[in-house]
Amino acid sequence: MAESNIISPENLVYEKTSVMTDRVMHYCPGCGHGTAHRMLAEAIDELGIQGDIIGVAPVGCSVLAYYYFDVDMQEAAHGRAPAVATGIKRVLPDKYVFTYQGDGDLAAIGTAETIHACNRGENILIVFINNGIYGMTGGQMAPTTLPGMKSSTSPRGRDVSTMGNPLKITELVAELTGTYFVTRQSVHAPANARKAKRAMKKALEYQKLNKGTCFVEIVSNCPSGWKMTPAQSNKWMEENMFPFYPLGDIKVPEQ
Amino acid sequence: MKGNEALAEAAIRAGADAYFGYPITPQSEVIEYLMRENPADRTGMQVLQAESEIAAINMVYGAAGCGKRAMTSSSSPGISLKMEGLSYIAGAELPCVVVNVVRAGPGLGTIQPSQSDYFQAVKGGGHGDYKLIVLAPATVQESVDYVKLAFDLAFKYRNPVMILSDGIIGQMMEKVELFEQMPRSNKEYEWATLGKKPGKNSVIVTSLQLQSEEQEKVNLRLQAKYREVEKNEVRFETYGCEDAEYLFAAFGSCARITRKALDMARAKGIKVGIIRPQTLYPFPVDEISRLAGQVKGILTVEMNAGQMVEDVKLAVNGKTPVEFYGRFGGMIPTPDEILEALEQKIIGG
Ligand SMILES: Cc1ncc(C[n+]2csc(CCOP(=O)(O)OP(=O)(O)O)c2C)c(N)n1
Ligand code: SF4
Ligand SMILES: [Mg+2]
């Protein structure tokens, strides 16, 4: 078959947002982090706030998020992103501020920072990537790991009698008066990714209102940590993660 | 004014942009004063009670990363919790001011004054090869003046600065002269995250380098900075050293008590002087080394089990005997005890 160059402007159906850099991502093939980054970057782009937003990267696989988002960013210690974001927002109240955090970062070591930032109603966006595992350190159990789910520190499956039950921190923060908009999304299929983008865009728009914390969970996969192919991991996520972490809005602003 | 309150007022006057703290005795008056004073109305300075010392120091990190003058204060157990954040702040080369109104440890210890956090302040405390610039006030006046100095040094070197106070200075009432209100700066530093400027690279505040070669370069840069600090910023006070045959070395409130012992010794005809380091890092190595060539012995006096004495010994490098006298656990040495220690350990020894 003759090769023809299809890279030409008339064939362009989907343009890369300028809020993402051209750096090659270090994420594993099929990992949801890349798509989640892109959806958030597009939301920032559509709102035209690239020069008015400051992001906070976590410790976790997305520790290098600042290489991919073309916005000013700070790298926080493990779990401390909501406190760092608080510090930023308090001195730059007119800027948009977001954190991007994994489940270990946000719901284990950083639980106090998460809950209290939400409880104070800090006017920030928290993007929470729940892949049910510690991806970066090689697939250890996370606070969100499902009952019976295997990981390198729950090799016989999570035994809830000794290891505790998965923490639904998103439902928890939705209970707090300080949160304004709380939703759970996914980015594993185009329609879901678009919905996730709309949610993050809405959350950023709400930030202008100074009404409280917006919290967007993205249930995601970790093919490497789960020891699955990307396709298998998405199927497993649909069959196992979504029933436990149902997608949809959990708290929406009163009209 | 009470030491802690004077220090809080000094923060407002030094043009601080933000203070983040968590209550702990004997320094809670700092945040209480700030909340009462409500500097948001006076200067626009933000004050927030955090959920923990960990959160507070990370709020400082965030605000400092925006190029703002951020400060936190605590006492020993709370300072331990800030050590992770301080290592990150030093690694990311951000300026900030941290006050430790030291109480005795280890553990929960006692709320009584102590100097037992010298090692933690001067030798690292957190992980990695980093240094805090450490200022040791001996009076309420100095705690006030050091707040301004600390912010200046923090921004000059983009490095965290610690004011190592203690429960005596924090709780003591003394006359102070407060400096005039300084305006908050609206300077936009090129290293600060303020929102990406068109045509410019985005600003990244981080302490992470995945490649060893890159991390070594960061370490070398930090070390070069510390050498500059050592060259330029040594501060100390000496008294009675011209004709001294013996020398006291002491810092902070303990140096004031030791001064009393010096006066008593002089009255008895003992020619003793004192060196009081005002910066614990950088340490007055050269001056101590010089004095070591002059005196017959040095007594280091501290409210701990013997910490600064190690640095005195390093500076003296065997030139003259160095002995230690200390009380700890919240106990305060008396001038009589110190004089007795001088007579027994140094003069009689
Ligand atoms: C204080 C501290 N403890 C532990 C670690 C090691 N560590 C790095 S990332 C990580 C877990 C990250 O998992 P998660 O937040 O779920 O992010 P993911 O990689 O899955 O996206 C851990 C435990 C660390 N860097 N710092
Ligand atoms: S380890 Fe998991 S979360 Fe990390 S990049 Fe790979 S697939 Fe993604
Ligand atoms: Mg994870």
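Sequence lines set the chain letters: A, B, ... in the order given, protein chains first and strands last, and positions in each chain run from 1.
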Side chain, backbone, both or neither: which part of B:Lys197 has a non-hydrogen atom closer than 4.5 Å to chain A? neither

Under a 4.5 Å cutoff for heavy-atom pairs, which residue among B:Cys66, B:Ala50, B:Ala64 has the most contacts with chain A? B:Cys66

Please determine whether a side-chain nitrogen of the Lys or Arg among B:Asp117 and B:Arg103 lies less than 4.0 Å from a carboxylate oxygen of the Asp or Glu. no

Thinking salt bridges, do B:Lys217 and B:Glu213 make one under a 4.0 Å N-O criterion? no

Of the listed residues (A:His78, A:Arg120, A:Lys89), which shares the most heavy-atom pairs with chain B below a 4.5 Å separation? A:Arg120

Expected output: side-chain A:His26 to main-chain A:Ser62 donor-acceptor under 3.5 Å: no

If you measure from CG on A:Asp45 to CG on A:Leu40, what distance do you get to the nearest 0.5 Å? 11.0 Å

Step-by-step side-chain hydrogen bond (donor to acceptor under 3.5 Å, both in side chains) determination, B:Thr72 to B:Tyr19: CA-CA 6 Å; B:Thr72 185; B:Tyr19 170 94; 5.1 Å; no

Heavy-atom distance under 4.5 Å to chain B: side chain of A:Leu92, backbone, both or neither? side chain

Determine whether the aromatic ring centres of residues B:Tyr118 and B:Tyr281 are separated by less than 6.0 angstrom. no

Against chain B, work out which of A:Asn119, A:Val91, A:Val84, A:Ile115 has the most heavy-atom pairs shorter than 4.5 Å and name it. A:Val84

Under 4.5 Å heavy-atom distance to chain A, tell me which part of B:Tyr88 shows up: side chain, backbone, both or neither. side chain

Highest number of heavy-atom pairs under 4.5 Å with chain B: which of A:Ala57, A:Ala112, A:Gly51? A:Gly51

Is B:Ala92 close to chain A through its backbone or its side chain, or both, or neither, when contacts mean heavy atoms under 4.5 Å? neither

Give a yes or no on whether the ring-centroid distance for A:Tyr27 and A:Tyr68 is below 6.0 angstrom. yes

Which bit of A:Ile49 is near chain B, if near means a heavy-atom gap under 4.5 Å: side chain, backbone, both or neither? neither

Against chain A, label B:Leu194 side chain, backbone, both or neither, depending on which of its atoms sit under 4.5 Å from a heavy atom there. both

